[in-house]
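Here the structure comes first, spelled out in structure tokens, and everything after it is commentary.
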Amino acid sequence: MTLIQELESRLAAALTTTLGEPATAAVTAAADLRFGDYQTNAAMVLAKQRKTNPRALAQEIIGNLDLADLATADIAGPGFVNFRILPAAWEARVAALIRDDRLGVPDTGAGRTVVVDFSAPNVAKPMHVGHIRSTIIGDSLARIARFLGYNVIADNHIGDWGTQFGMIIYGWNHFLDDAALTANPIAELVRIYRQTNAAAKDDPAVLEACKAELVKLQSGDPTNLAIWEKCIEVSKDGLQKIYDRLDVKFDHWLGESFYNDRLAGLVDEFVEKGLARESAGAICVFSGGEIPRESDPFMVHREEGWMDNPAIIRKADGGFLYATTDLATIQYRIEGWRADRIWYVVGVPQQLHFRQLFDAARRWGKEADFEHVGFGSILGDDRKLMRTRTGENVGLVEVLEEAVERAARVIAEKSPDLQSDEAAEIAEIVGIGAVKFAELSQNRLTDYVFSWDRMLALHGDTAPYLQYSHVRIRSIFRKLHAPFDAAAAEIHLDSAAEIHLARLLVRFGEVVPAVIEDFRPNLLANYVLELARAFHSFFEACPVLKSDEPVRSSRLALCEITSRTLGKALDLLGIRVPERM
RNA sequence: GCGCCCGUAGCUCAGUUGGAUAGAGCAUCCGCCUUCUAAGCGGAAUGUCACUGGUUCGAACCCAGUCGGGCGCACCA
């Protein structure tokens with residue numbers, strides 16, 4: 001049980017006594033440490049309902065509150081009840097954390113399967129900065145869900161079956177440079193695509209030829225299929241290299257092509273069941289009618305504007321669209337993988353698509369907890385969306401390269417005595433960590449203007465600050481001559497710095513589940529910054545190795561649990577830590 | 001036109017879903033390495049939370065309107 005749950009349970013008992021009927025109320029971490037460690041506004045909320053005096057009610061609640069050896073409570077302001085955790089209770093909590101492999105984090109996801117759909121780049125195109133958010137946020141959510149006990153299936157739904165393949169195949173047949181393909185496959189695919197695109201603009205005959213190649217591919221022509229497969233293969237190799245650098249892993253890469261042969265039947269089924277109908281030659285699903293599920297939240301919002309728009313699942317020319325593929329994907333994930341939850345980490349501009357998609361899936365009878373985990377856009381200097389088409393987009397590889405270079409420069413300055421290969425490895429870990437943390441520490445819904453300095457900062461609230469704090473802890477243990485058994489140590493927290501560190505360590509188990517509740521990795525990012533700050537303060541204020549027993553062992557144990565918690569938090573964010581830096 | 005989102009310190013951003021004197025980092029200023037890694041620590045300064053009204057014990061947060069910005073709305077994904 002987390003400390004909050006413990007307090008809430010005791011508060012619930014006091015409320016029930018006070019009110020004469022079962023009641024519960026939320027306890028939150030105090031907004032300001034001057035007010036205590038935790039607080040509740042239960043008295044004010046309940047007094048409002050009952051039209052009584054909040055402070056008097058708070059006094060009555062406190063009178064019925066049995067906090068025993070856990071905390072003290074007092075009333076402040078308009079009727080807040082503030083809890084101050086007793087030092088002995090902190091000590092007991094920290095001691096319990098040291099013996100807990102889960103570091104206080106409950107396994108709230110146990111027994112449930114979640115599919116996390118993220119990254120999803122198009123093949124035959126390089127990843128650009130626009131892919132950063134989905135890839136990094138999605139990976140972090142997958143890691144956190146896994147730690148919470150979910151059976152997580154990370155699925156990279158790559159765009160491997162678009163209309164762009166007409167042009168790529170034409171380009172492959174007319175412009176391909178085999179040597180260039182070997183040297184840098186994706187660059188060569190992009191080149192032939194661009195060259196074909198330009199040629200098609202000048203010459204309608206080329207455009208027709210491209211369309212013909214696409215039709216051949218879709219009808220299963222062996223030659224074009226072979227070219228397509230080769231394109232997919234080299235693209236996947238290129239993508240995998242980036243994912244390896246980012247330390248991002250997928251359980252599956254089921255792209256659009258995987259669902260290709262299910263689409264025709266799916267559309268037929270929708271038409272037969274009356275879920276879709278023809279409109280202007282296209283087959284559409286119209287939202288807004290009766291939804292066969294009374295509890296459906298959208299029932300309440302039937303008038304909303306989004307329902308006026310149809311979701312097209314088959315074009316007038318007979319072709320299928322991504323809504324069709326996405327429906328087939330949902331069916332596969334629910335029926336094949338038994339998914340209870342499906343999370344789509346996709347930009348917020350696609351909100352309408354996902355509303356329509358989830359609505360259509362529910363009408364179809366596919367039930368799961370669907371979540372569109374949207375994120376804001378990355379803007380150019382003009383505050384407009386960065387567009388792939390205009391070509392001014394910054395490549396993801398370039399961002400990583402620049403980050404690692406900048407990190408290398410700092411290492412050369414700060415740690416000139418490191419071996420060059422070790423320095424290079426640290427630069428990789430630090431540079432890429434900085435990029436990831438810049439993304440994860442921000443509210444995912446906020447748009448931001450792309451800035452090298454913002455994304456690649458190495459000082460202040462950044463990954464290197466966190467990595468450095470971990471390195472500092474480990475440096476203490478490197479000085480130790482014998483192994484240290486933290487579980488055997490008695491915990492005594494004397495100074496303010498130690499208490500504050502304990503306060504944050506205990507909070508880890510409260511923060512991690514909260515991240516998944518709202519899909520906000522930045523809560524964990526902000527938490528880990530606070531934890532690192534608390535450690536740095538402790539490190540400056542409290543000598544560890546130079547202290548006498550029993551303080552020395554207690555502080556060593558505190559360092560050990562901080563190291564584990566910090567390490568785990570960074571792992572959940574997908575940020576690696578170097579041995580030294 | 002309809003819908004969604006945003007506007008917080010000089011800059012970049014948080015703000016635990018309605019709580020107490022609105023917080024971090026960067027930049028600026030002052031102090032701290034003979035002591036476990038100074039990529040650090042301690043301190044100072046910084047605000048018309050776009051604007052107007054409303055809801056209530058209490059609003060950056062909820063409601064209405066105004067101004068400014070971004071995005072989405074029929075066969076791309």
Side-chain angles (χ1 to χ4, degrees), chain A residues 28-32 34-35 39 41 44-45 47-48 53-54 76-80 82 120 122 159 161-164 256 279-284 304-317 319-323 325-326 346-353 355 374 376-377 379 383-385 407 410-411 413-415 430 438 441-443 445-449 451 453-454 457-462 464-465 467-469 471-480 510-511 514 518 520 522-523 525-527 529-530 533 536-537 539-547 555 559 580-581:
Chain A
T28 58
D32 191 317
R34 280 169 303 186
F35 304 131
Q39 62 181 216
N41 56 16
M44 290 182 291
V45 174
K48 188 172 192 171
N53 183 309
F80 290 101
N82 292 328
N122 285 321
W161 196 253
T163 46
Q164 76 269 28
E256 293 166 347
S279 169
I283 304 295
C284 307
E304 269 187 36
W306 69 269
M307 290 198 166
D308 300 334
N309 299 301
I312 298 173
I313 58 174
R314 195 173 78 197
K315 298 193 281 184
D317 69 5
F320 304 109
L321 297 99
Y322 76 145
T325 312
D326 280 353
V346 180
V348 84
Q350 298 205 38
Q351 188 189 64
L352 176 61
H353 166 70
R355 284 184 161 189
S377 306
L379 310 174
R383 287 208 65 86
K384 300 257 187 194
L385 208 62
V410 176
I411 291 164
E413 179 199 332
K414 303 280 185 187
S415 313
V430 168
S441 59
Q442 185 160 13
N443 186 318
L445 289 167
T446 312
D447 293 348
Y448 66 84
V449 175
S451 145
D453 288 341
R454 193 197 84 89
L458 300 170
H459 298 280
D461 286 352
T462 63
Y465 176 79
Q467 291 163 326
Y468 179 63
S469 62
V471 166
R472 260 183 146 182
I473 304 178
R474 298 321 306 171
S475 77
I476 293 173
F477 289 96
R478 263 201 302 278
K479 294 267 191 312
L480 237 42
E510 295 158 7
V511 169
D518 292 320
R520 287 170 50 177
N522 71 311
L523 291 180
N526 294 342
Y527 163 80
L529 278 173
E530 271 195 88
R533 259 194 280 277
H536 282 303
S537 298
F539 185 89
E540 304 271 345
C542 306
V544 177
L545 296 176
K546 289 176 184 64
S547 297
R555 287 183 176 171
C559 287
R580 60 194 78 209
M581 61 192 284

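All heavy atoms count here, side chains included; hydrogens, waters and symmetry mates do not. Convention: sequence-line order gives letters A, B, ...; per-chain numbering from 1.
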| message | Tell me whether the side-chain N or O atoms of A:Ser441 pair up with the base of B:A14 as donor and acceptor below 3.5 Å, since no angle test is needed here. | response | no
Which part of the nucleic acid, if any, lies within contact of [X], taking any heavy atom under 4.0 Å across all strands shown: a base, the sugar-phosphate backbone alone, or nothing?
X	answer
A:Cys284	base
A:Thr446	sugar-phosphate
A:Ala47	nothing
A:Leu523	nothing
A:Asn522	sugar-phosphate
A:Asn82	base
A:Pro543	base
A:Gln39	base
A:Val348	nothing

| Short question: side chain of A:Arg474, backbone of A:Arg580 - any donor-acceptor pair under 3.5 Å? | no
| said: So does A:Ser377 get a backbone contact from the side chain of A:Asp447, meaning a donor-acceptor N/O pair under 3.5 Å? | reply: yes
[X] [atom1] to [N] [atom2], straight-line distance once rounded to whole Å:
X	N	atom1	atom2	answer
A:Leu529	B:G23	CG	C1'	13 Å
A:Asn309	B:G1	CG	P	17 Å
A:Arg34	B:A20	CZ	P	11 Å
A:Leu352	B:A74	CG	C1'	11 Å
A:Asp461	B:G25	CG	C1'	4 Å
A:Ile313	B:C76	CD1	P	15 Å
A:Asn526	B:U16	CG	C1'	10 Å
A:Arg520	B:C13	CZ	P	17 Å

| request: Between protein and nucleotides 39-44 of chain B, map the contacts as a letter string: B base, S sugar-phosphate only, - none, heavy atoms under 4.0 Å, written 5' to 3'. | output: BBSS--
| said: Taking 4.0 Å as the cut-off, does a side-chain nitrogen or oxygen of A:Asn443 come that near to OP1 or OP2 on B:G15? | reply: yes
| message | If you compare every side-chain N and O of A:Gln442 against the phosphate oxygens of B:A14 (OP1, OP2), does one of them come in below 4.0 Å? | response | yes
Atom pair [atom1] ([X]) and [atom2] ([Y]), whose distance is rounded to the nearest 0.5 Å:
X	Y	atom1	atom2	value
A:Asn526	A:Gln442	CG	CD	10.5 Å
A:Asn309	A:His353	CG	NE2	13.5 Å
A:Asn41	A:Phe80	CG	CZ	6.5 Å
A:Tyr448	A:Asn443	OH	CG	12.5 Å

[X] versus [Y], closest heavy-atom pair with distance:
X	Y	result
A:Trp161	A:Glu256	N-OE1, 3.6 Å
A:Gln467	A:Met581	C-SD, 3.7 Å
A:Leu458	A:Pro464	O-CB, 3.6 Å
A:Ile312	A:Cys284	CG1-SG, 3.9 Å
A:Ile476	A:Cys559	CD1-SG, 3.9 Å
A:Met44	A:Pro78	SD-CG, 3.6 Å

Pick the [atom1] atom in [N] and in [M], then give their distance to the nearest Å.
N	M	atom1	answer
B:A14	B:C49	C1'	13 Å
B:G18	B:C5	P	15 Å
B:U46	B:C13	C1'	16 Å
B:C61	B:C76	P	43 Å
B:G15	B:A60	C1'	9 Å
B:A50	B:C67	C1'	8 Å
B:G3	B:C41	P	49 Å
B:U12	B:U21	P	29 Å

| said: Checking A:Arg472 now: which residues fulfil salt bridge (charged side-chain N to carboxylate O under 4.0 Å, His left out) with it, not counting sequence neighbours? | reply: A:Glu540
| Syn or anti for B:C29, taking syn as within 90° of 0? | anti
| remark: Expected label for B:U8 (glycosidic angle, syn inside 90° of 0, else anti) would be anti
| Nucleotide-level pairing of RNA chain B, given in dot-bracket where Watson-Crick and G-U pairs need both distances under 3.5 Å and | marks other strands | (((((((..((((.....[...)))).(((((.......))))).....(((((..]....))))))))))))....
Output one line per pair: protein atom, nucleotide atom from nucleotides 68-70 of chain B, and distance, for all N/O pairs under 3.5 Å.
unit_1, atom_1, unit_2, atom_2, d
B:G70, OP1, A:Lys384, NZ, 3.2

| said: Could you tell me if the side chain of A:Arg533 sits less than 4.5 Å from the side chain of A:Ser469, heavy atoms only? | reply: no
| Below 4.5 Å, heavy atoms only, C-beta onward: do A:Gln39 and A:Asn82 meet side chain to side chain? | yes
| task | Determine, answering yes or no, if A:Phe80 is stacked on B:G19 under the 5.5 Å centre rule and the 30° plane rule. | result | no
Please tell me which of the listed nucleotides, [options], lies nearest to the side chain of [X]?
X	options	result
A:Arg454	B:U16, B:U12, B:C36	B:U12
A:Ala31	B:A20, B:A74, B:A77	B:A20
A:Pro349	B:U37, B:C36, B:C71	B:C71

| field | A:His536: ring-ring contact (aromatic ring centres under 6.0 Å, His included) partners, not counting sequence neighbours | value | A:Tyr465, A:Tyr468
| Residue closer to the 5' end of RNA chain B, A:Phe35 versus A:Phe320 (nearest nucleotide) | A:Phe35
Provide a list of protein-nucleic acid N or O atom pairs under 3.5 angstrom, restricted to nucleotides 55-62 of chain B.
unit_1, atom_1, unit_2, atom_2, d
B:G58, O6, A:Lys48, NZ, 3.2

